[in-house]
Amino acid sequence: MKILVLNCGSSSLKYQLIDLTSEEILAKGVIERIGLTDAQLIHYRYDQKFIVAEDQQINYGGIINNHQSAVNCVLTVLTALDLGVIDNLTQIEAVGHRVVHGGEKYANSVLINDTVIADLEYYSKLAPLHNPANIIGIKSCLALLKTTPMVAVFDTAFHQTMPPEAYVYSLPYNLYQQYAIRRYGFHGTSHKYVAQQAAKFLNRDLKQLKLISCHLGNGASVAAIKFGHSIDTSMGFTPLAGLTMGTRCGDLDPSILPWLANELNMDFATIDNLLNKQSGILGISGVSSDFRDLAEASTQGNTQAELALNIFSYQVKKYIGAYMAAMNGVDAIIFTAGIGENDIKTRARIISDLECFNIKLDPQRNNVRGKLTLISSEHSLVKVLLVPTNEELMIAKETKLVIHN
Ligand code: ADP
């Protein structure tokens, strides 16, 4: 069964065509700078890389100047004699769309119809940076693949099992009732996937496990997963909350916002940009939003880079402590995403001085990147695992589940 997974952002489109029978990626790629004159497609067929630059686009559906032409280009390339992997579009049995926000209504993935699209438009108020692009991707795809079933897989859905004490903010309650201001949480597809993989690896029933999943990438969040359900997570109403991230500030004293407005005369757009684009480890270090650059700067004696790394690790450790308390223990801690899968030193910093909770890393086992591995010591009662995430595969699996139901 071949499923196309689409992740449509404001100026980019990522795709994977997955054969779910073998879980093999037949083709994948990305179009960046949609809407600009130099948009190009980078397409991988099996492990061969091709670049479809502007002068070749005419051979693959026409110039990419908007999302619809981007989707058209992807579909044309997938079926092209030279770059393609399928004979015709009917071989795509379903399309799974990554959608950031499903509000309170969507606790599960759903078959897309007019009502769903109207709901997503409504939830654009909650995710103005993401949902509009996701909707454009869905509509562009529907226009070209009229009879193919399409499924929306939400970043927020997995966290809809949180109890009210975890998701209600300490604001006047009517702001929740009238405007749905609450914690939603994100990265749900990844947290769900790695939790399932961890249970499989440990040969345990997910329904009997208490897990803490640390998705540490440019965007980063921690989730407490008790008996298969998310019961708390660090991101909130938006993906700005929780941990300090590449450029996002994470949790702050909310009074800082009016202070910036009153004392520094910043308007809302400036503050929003400051919190989302100029803060996090970039803001603290003044070096970069990338952990590799920070590690490099820190070894050269840059104390602000070192501070940024320490702040990040300290915050992840605090969430681990909080979620152990929330679940009355933990069986396994999972590291995933760019930093979680690759940054050996950051993992070691986070899992340091936790022996009193029976959590201990094995430095030898931890010397690994991007591979499903047990990295805790033999004597650690709590298992620590590196589990590579695979959001696209999870979206494809969810899509299959929905269309078969
Ligand atoms: P996102 O999907 O949110 O954009 P990723 O999951 O791709 O983010 O993670 C990006 C982060 O992973 C960057 O900060 C990058 O520095 C970090 N990263 C990737 N590879 C390594 C590595 N080998 N060592 C340390 N950090 C790494």
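As the structure lists them, so they are numbered: ligands from 1, and atoms in each ligand from 1.
Shortest contact from atom 26 (N) of ligand 1 to any protein heavy atom: Arg292 CG, 3.8 Å. Annotation: atom 14 (O) of ligand 1 to nearest protein heavy atom, Phe291 N, 3.2 Å. Nearest protein heavy-atom neighbour of atom 15 (C) of ligand 1: Asp290 OD1, 3.5 Å. The shortest contact between atom 17 (C) of ligand 1 and any protein heavy atom is with Ile339 CG1, 3.7 Å. Remark: minimum distance from atom 4 (O) of ligand 1 to any protein heavy atom is reached at Asn218 ND2, 3.3 Å. Regarding atom 6 (O) of ligand 1, its nearest protein heavy-atom neighbour is Gly338 N, 2.9 Å. Nearest to atom 23 (N) of ligand 1 among the protein's heavy atoms is Asn342 CB, 3.4 Å.
Under the 4.0 Å criterion applied to side-chain N and carboxylate O atoms, Lys400 and Glu93 are not assigned as salt-bridge partners.
Among His101, His130, His191, His215, the single residue meeting the ring-ring contact (aromatic ring centres under 6.0 Å, His included) criterion with Phe186 is His101.
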message: Show, in sequence, the C-alpha distance, side-chain angles and deciding distance for Leu401 and Ser109, and conclude whether the side chain to side chain contact (heavy atoms under 4.5 Å, CB included) test is met.
response: CA-CA 9 Å; Leu401 209 66; Ser109 305; over 6 Å; no
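Contact of the Glu392 side chain with the Asn390 side chain is registered, since non-hydrogen atoms from C-beta on lie closer than 4.5 Å. Looking only at side-chain heavy atoms (C-beta outward), Arg98 and Val153 stay at 4.5 Å or farther from each other. Tyr15 places none of its side-chain heavy atoms less than 4.5 Å from the side chain of Leu75.
Ligand 1 has Gly219 within reach: a non-hydrogen atom of the residue lies less than 4.0 Å from it. Contact annotation: Arg369 has at least one heavy atom less than 4.0 Å from an atom of ligand 1.
Using modelled atom types, one side-chain atom of His43 and one backbone atom of Leu83 make a donor-acceptor pair closer than 3.5 Å.
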